[in-house]
Amino acid sequence: MPSSPLPKTYDFKSTEKRIYQWWEEHGYFKPSNDPNEPGFDPSFEPFVISIPPPNVTGELHLGHAMFVSMEDLMIRYHRMKGIPTLWVPGTDHAGIATQLQIEKALAKEGLTREQIGREEFLRRTWAWKEKYGGIITQQIRRLGASCDWTRERFTLDPGLSRAVREAFVRLWEKGLIYRGPRLINWSPGLKTAVSDLEVEYSQEPGKLYYFKYMLAGSESEFIPVATTRPETILGDTAVAVHPEDPRFQQYVGRRVVVPILGREIPVITDEYVDREFGTGALKITPGHDPNDYAIGERHNLPVISVLDEAARVNGNGGPYAGQDRFEARNNLWEDMRSAGLVIKEEPYLLNIPRSQRGGEIVEPMISTQWFVRIQPLAEAALQAVRDGRVRIIPERFTKVYYNWLENIEDWCISRQLWWGHRIPVWYCQACGEVIVAREDPTNCPKCGSEELVQDPDVLDTWFSSGLWPFSTLGWPEETPDYRYFYPTSVLETGYDILFFWVARMIMDGLEFTGQVPFHTVYLHGLIRDEHGRKMSKTYGNVIDPLEVMDELGTDALRFTLLVGSTPGNDTNLSIDKVEANRNFANKIWNAGRFVVSALNTVAGQAILDKAEEANLRTLADAWILARLAELERDVERLFQSHQYGEAGRQIYDFFWSEFADWYVEIAKLQLAGGGARAFATARHLVHVLDTSLRLLHPFTPFVTEELWGHLKATAQKASPALKPAPGWEESLICARWPEPSQPAEWETQAVADFSLVMEIVRAIRNLRAEKNVPPGRRIPAMLVGGERTEILQQQAATIAALAQLDAQALEIVESQTERVEGQVTLVVGSVEIYLPLGGLVDVAEERARLEKELDEAEAQISRLEGLLAGPFAEKAPAPVVQKEREKLANYRDTADRLKAQLQSL
RNA sequence: GGGCGCGUAGCUCAGCUGGUCAGAGCGCACGGUUCACAUCCGUGAGGUCGGGGGUUCGAGCCCCUCCGCGCCCACCA
């Protein structure tokens, strides 16, 4: 570390990269107890997190910044506790997202993937991945992520691909995977099936179309029907009415004619039909509507598909064949209008299903796909959370989790894409045998034919993501990593992927490894803009974390995200907040600069023994040590209960408004005299700063590491006696986490005594501001201390300095009765303060001020008297009552003194 | 149709198992160029903790209800 004088302002730009490289090169991110190294001890319990793998070709956004900050915080905390800690990084191939990127790039060349073929397409995609795949991991490094990059994984790695295949085959062998035609969500833009979760519904204005289903053989009789998708009329195979609906009884069992096509279909009854809605009669299109599909099954209705994979009308659509679904909708409706079949159309708010990725309207279609029979897996996953093997934080999400798993439908896992894990199934062209295999087969086990064709589809990306916590550790191999680090400890991610990812990992973990994949699920919220709006390009309110880091530093961004969030709740982020925390980083830096320079002034001092040091301990010393001890306990408790934000806030408050604002100011006085006291003070400064840096390190790793290095170098040079209790480890990242101590009696006393000093100082400062006494002007004062006189005498220099009193003209006495003209009187509990301000004093003003204070004191007195006279005194716990009694005594004391003052005015 | 979250100083938000918790940052007002920091220091104004009811000696914190935002799940044509 350079020993050159520290710059006035913390220069994060020159620091962050250097520090990160140093950490990474020194191997600090690797677990301390590595099962692959000699000397491995399996009795240590490790702390492990698997990173939520970002899209391999993605770019950093605030969501990443959030989870990286949060996970790095947990990781650094455990690492500092001396626990073998592993954070496994990696990326996801992100089937649809990546494939869309490549197709977009192709389109710029005027090409489609079909034109270049599967092989070429995959070649290009891999090339793209090689080119851009490192960007996101570099960006994650910038955030300070202390992941073990030597264990980085990618979902399409050979090892993970083997895991995927193993998982598929096992499920198949257990009969939990099947293939067949089902009604699925079809994305016509992407030309693939998508799962229920990948469909998002949006409210959009549309129309409800009313028309006539003419009874077969009748020119006049009809059943009125309403639909939002007229083109599906082409696939209708029934009209349903409610069995008890008198309006349509006469038609039940008869047949109606499909408009334009002329097909005859039955009129049936089904309880599902809502008599109140629309016309009370429902057209049934089993081929293109999930409800209709279910009704069709109940009534054995034929299923007619009328759309092709691009959502154009197919051969079943008669004259509309070849037309786009919306074009066909209009044309059919116009033709029906001409045929006199139209009743009316009215505006209607639709719930439109759209593809999460592509954005286009998803079409329910019959399609042959692969599915996972999910109920058995879901049951186990429910049980794991119910019995506490997996704990979800915040707890309210367990209900959401239960609700989803209890109503789960089979999972469509095949995608008609090219980028992903190919389904390990082959079809024998000779005998039709279906071969599901771990290794690519060369010939048919049944007929021996070599004419095998592999299923063209790939698996849903989330199929491989579900295996992530164990596939990254080597599963299905029993590797040392898998044996030691699995199951992992915490799964930290946004609540928006609870179903997509978290639930599936739990299901898969239990199914394939027989264990829960992690013990704790910590869910954070979404990052929104400063007014709570979703960030989006169209609003133009997107905050780019990279820009923020460039301008304000990584520590500032991390601290803002960590302290600004509570588990499971969304966070509103504004640049103002990051700026405030940039200032905090600078505050840390400057407090550090002060301590470093203080150390230089005490260099070479004789070492003090314990007794000497205890002798020299001032009230301020005792106070800051007491507050620090309390902070350590609070932070530990808050970390244990996952209240990281609150912990950060407390450290911030302690550091800025207690250590920097008060102790450092007093330390200046204690240092000024030199000698043993100065040396003892320096020790305390080192101790408090050192401990604060340790506590802050998981939040703001860069500035703390950098400063700690300087502190250590300077302290070691100054005196061996300055070494702190846990010791100077080789770097802060691996330094020991402060061990909280038991609360001690002296702490309470020190805090109470020092707060009297603070109150006195504040009262005087307050008055100076009120009376416009110029800052810097030293004024005389007399303090009448009563029973606190001794403390005041000891603290005279401190009070004088902080309140800018004239130390030469500061009198401290036990009691005083006479009053001098031109004095202002302040009352702080049992202490009276006389400030001779001469001409600045106005008797009427003084009277008013004292009366106001007396009113306040008396109001408190009567409130407390009432309280203590009531049932409170008997029912509340003794310490609580005692506290209130003391308050009352204090207020009475104050009131008495105020009265006396008023009298003498 | 279910479920959940939020509503605390002008703004953005903290407030652990109910007992100085009525707080922070920003903003605002006033005053400050002394050797850690103007990315700073000191002082101050500002809120019946959404409304109403209840439990309790005591409630932002628990219960009920109402109002206003937001989100998730769900097959209403």
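Every chain is numbered from 1 and lettered A, B, ... according to where its sequence line falls, protein lines coming before strand lines.
- Across B:G42, B:U39, B:C37, the shortest atom-to-atom separation from the side chain of A:Arg582 is found for B:U39.
- Regarding the sugar-base torsion, B:G46 falls in the syn class, its angle being within 90° of 0.
- Contact check, A:Lys577 against B:A24: no side-chain N or O comes under 4.0 Å of OP1 or OP2.
- Proximity of A:Lys668 to the phosphate of B:C37: no side-chain N or O atom is located under 4.0 Å from OP1 or OP2.
- Considering only side-chain N and O atoms, A:His531 lies nowhere under 4.0 angstrom from the phosphate OP1 or OP2 of B:C11.
- Applying the 4.0 Å criterion to OP1 and OP2 of B:A77, one finds that A:Tyr348 has a side-chain N or O inside that range.
- Between A:Thr9 and B:C37 there is no side-chain polar atom (N or O) within less than 4.0 angstrom of OP1 or OP2.
- With C1' as the reference atom, B:G47 and B:G10 are 11 Å apart, rounded to whole Å.
- Mapping A:Asp570 and A:Arg778 onto RNA chain B by nearest heavy atom places A:Asp570 at the nucleotide closer to the 5' end.
- Residue A:Thr566 is in sugar-phosphate contact alone, with no base atom involved, counting any heavy-atom pair closer than 4.0 Å across all strands shown.
- Residue A:Asn766 places at least one side-chain N or O under 4.0 Å from the OP1 or OP2 atom of B:G44.
- Summarising the geometry, the separation between CD1 on A:Ile284 and P on B:C76 is reported as 15 Å, rounded to the nearest angstrom.
- One atom, CZ of A:Arg863, and another, P of B:U20, lie 11 Å apart when rounded to the nearest Å.
- For B:C4, its base never sits under 3.5 Å from the side chain of A:Lys399 at any donor and acceptor pair.
- No salt bridge links A:Asp555 with A:Arg558; every basic N to acidic carboxylate O contact stays at or beyond 4.0 Å.
- Look at CZ on A:Phe277: it is 16 Å from P on B:C75, rounded to the nearest Å.
- Evaluation of atom-type donor-acceptor distances gives a pair under 3.5 Å for the side chain of A:Glu665 against the base of B:A36.
- What separates CD of A:Glu770 from P of B:G44 is a distance of 9 Å, to the nearest Å.
- Atom CD in A:Gln203 sits roughly 14 Å away from atom P in B:A74 (whole-Å rounding).
- For B:C41, one of the phosphate oxygens OP1 or OP2 lies less than 4.0 angstrom from a side-chain nitrogen or oxygen of A:Trp656.
- The separation between A:Gln356 atom CD and B:C72 atom P is 11 Å, rounded to whole Å.
- Not one side-chain nitrogen or oxygen of A:Asn407 sits closer than 4.0 Å to the OP1 or OP2 atom of B:A74.
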